Visitor: 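The structure under discussion is supplied below as structure tokens; questions concerning it will follow.
None of these values were measured; they are calculated from a predicted model.
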Amino acid sequence: MCIPCVMCGACMADAAGAARDGRCPACGAEVAPDAVSCPECYTLLARPAAAEEAGEEG
């Protein structure tokens, strides 16, 4: 993650695919589908918006 983090999302774009697969992109631990962060390493998990997952445009 960039230091200082300003939550711009640049580092989360690639991580979204890993989180979607049910694994933490940082440590590989299993994460729940609705988890906001990894229960093992506390990495913030990027999640696509519900509309993106459903294939809708808004």
Side-chain angles (χ1 to χ4, degrees):
M1 184 178 299
C2 303
I3 302 295
C5 183
V6 293
M7 298 298 292
C8 68
C11 62
M12 294 183 189
D14 294 332
R20 197 176 299 136
D21 293 338
R23 297 262 174 209
C24 172
C27 72
E30 287 189 40
V31 294
D34 60 345
V36 175
S37 64
C38 175
E40 297 295 321
C41 70
Y42 307 107
T43 296
L44 181 63
L45 302 172
R47 300 290 186 167
E52 286 180 32
E53 276 192 12
E56 301 172 7
E57 292 185 22

Visitor: Any idea which heavy atoms bring Leu45 and Pro25 closest together, and the distance?
Guide: CD2-CD, 3.6 Å
Visitor: Answer whether the closest heavy-atom distance between the side chains of Val36 and Leu44 falls below 4.5 Å.
Guide: yes
Visitor: Which residues pass the side chain to side chain contact (heavy atoms under 4.5 Å, CB included) test with Glu40, sequence neighbours left out?
Guide: Cys27, Ala29, Cys38
Visitor: Would you please name every residue forming a side chain to side chain contact (heavy atoms under 4.5 Å, CB included) with Ala26, sequence neighbours left out?
Guide: Cys24, Cys41, Thr43
